[in-house]
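The next block holds one structure in the form of structure tokens; read it before the comments.
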Amino acid sequence: MGSRLARLLLLLCSCEYMSGVQAQLRANYYATSCPNVEQIAITQFIAGLAQNVLAPASMIRLAFHDCAVNGCDASILLNGGMNNTDEKLSARNLGIGNLNIIDGMKAAVERACPGVVSCSDLIVLAARDAVRLSGGPNVNLVFGRRDSKTASTAAASKQLPSLLN
Ligand code: HEM
């Protein structure tokens with residue numbers, strides 16, 4: 001992916017309207033509550049890469065597919081909704097994978113700063129690090145996205161692009 005496209009994706013992920021639940025995004029959002037979050041995240045990413053060298057592509061697509069459906073709110077990660085409404089059940093999300101990278105980041109971040117860092121911030125961080133580890137630019141991020149408690153298969157099918165139309 002070209003570095004301009006990478007920057008565009010990450011800039012879009014930083015817009016307030018793309019942050020899912022209304023949130024004030026700031027570069028220093030975790031400065032006191034979880035100051036090492038970026039270091040912890042990239043360490044986990046590199047550990048995950050050892051298992052699958054294609055993980056950077058998966059993380060870039062994951063950020064796109066999370067943020068394009070009702071903003072960056074980690075709703076794509078939710079499993080087993082009351083009425084089977086997981087976004088992953090949408091055909092548009094076929095091939096979404098390597099989520100163990102996000103699980104590893106979340107587990108490590110929870111050990112360091114319990115209950116502080118949102119999964120939606122971790123998804124955007126993973127996409128940023130994917131670009132960086134693939135030789136692209138290092139894009140500075142803002143943080144403070146909030147996670148959704150609900151997901152919608154129908155919304156994913158409506159808001160994500162299809163190969164067919
Ligand atoms: C019309 C728009 C798009 C369509 C129809 C589309 C569709 C697809 C499809 C069908 C795949 C293959 C999934 C698989 O077989 O596992 C894919 C992979 C991928 N897409 Fe898109 N995509 C679109 C836009 C984008 C955009 C804007 C980005 C980046 C921001 C992106 C990033 C990726 C990446 C990185 C992969 C590879 C993921 C992997 O190998 O794990 N796509 N896309």
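In listed order, ligands and their atoms are each counted from 1. In what follows, residues are counted from 1 in the order of the sequence shown.
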Short list, please: which atoms of ligand 1 are under 4.0 Å from a heavy atom of Leu163? 5 (C), 10 (C)
The test is side chain to side chain contact (heavy atoms under 4.5 Å, CB included); show your working for Asp121 and Leu141 and say whether it passes. CA-CA 9 Å; Asp121 277 343; Leu141 294 179; over 6 Å; no
Using the side chain to side chain contact (heavy atoms under 4.5 Å, CB included) rule, take Val37 and Val116 through it: C-alpha gap first, then chi angles, then the decisive distance, then the call. CA-CA 10 Å; Val37 59; Val116 169; over 6 Å; no
With a cut-off of 4.0 Å, which atoms of ligand 1 are near a heavy atom of Ser162? 5 (C)
Check this for me - ligand 1, His65, N or O atoms closer than 3.5 angstrom, yes or no? no
Heavy-atom contacts with Gly95 under 4.0 Å: which atoms of ligand 1 show up? List them by number with element. 16 (O)
Are Leu62 and Ile101 close enough, and set up right, to give a side chain to side chain contact (heavy atoms under 4.5 Å, CB included), and what steps lead you there? CA-CA 11 Å; Leu62 180 68; Ile101 300 259; over 6 Å; no
For Val142, the option from Val124, Leu25, Asn28 that meets side chain to side chain contact (heavy atoms under 4.5 Å, CB included): Leu25
Between Ser120 and Asp73, is any side-chain donor less than 3.5 angstrom from a side-chain acceptor? no
Of Ala68, Pro56, Ala55, Ala57, which has the heavy atom at the shortest distance from atom 39 (C) of ligand 1? Ala57
Taking heavy atoms and a distance under 4.0 Å, where does Ala63 meet ligand 1: side chain, backbone, both or neither? neither
For ligand 1, which atoms, with element, lie under 4.0 Å from some heavy atom of Ser58? 41 (O)
Could you tell me whether the side chain of Asp129 reaches within less than 4.5 Å of the side chain of Met59, counting heavy atoms only? no
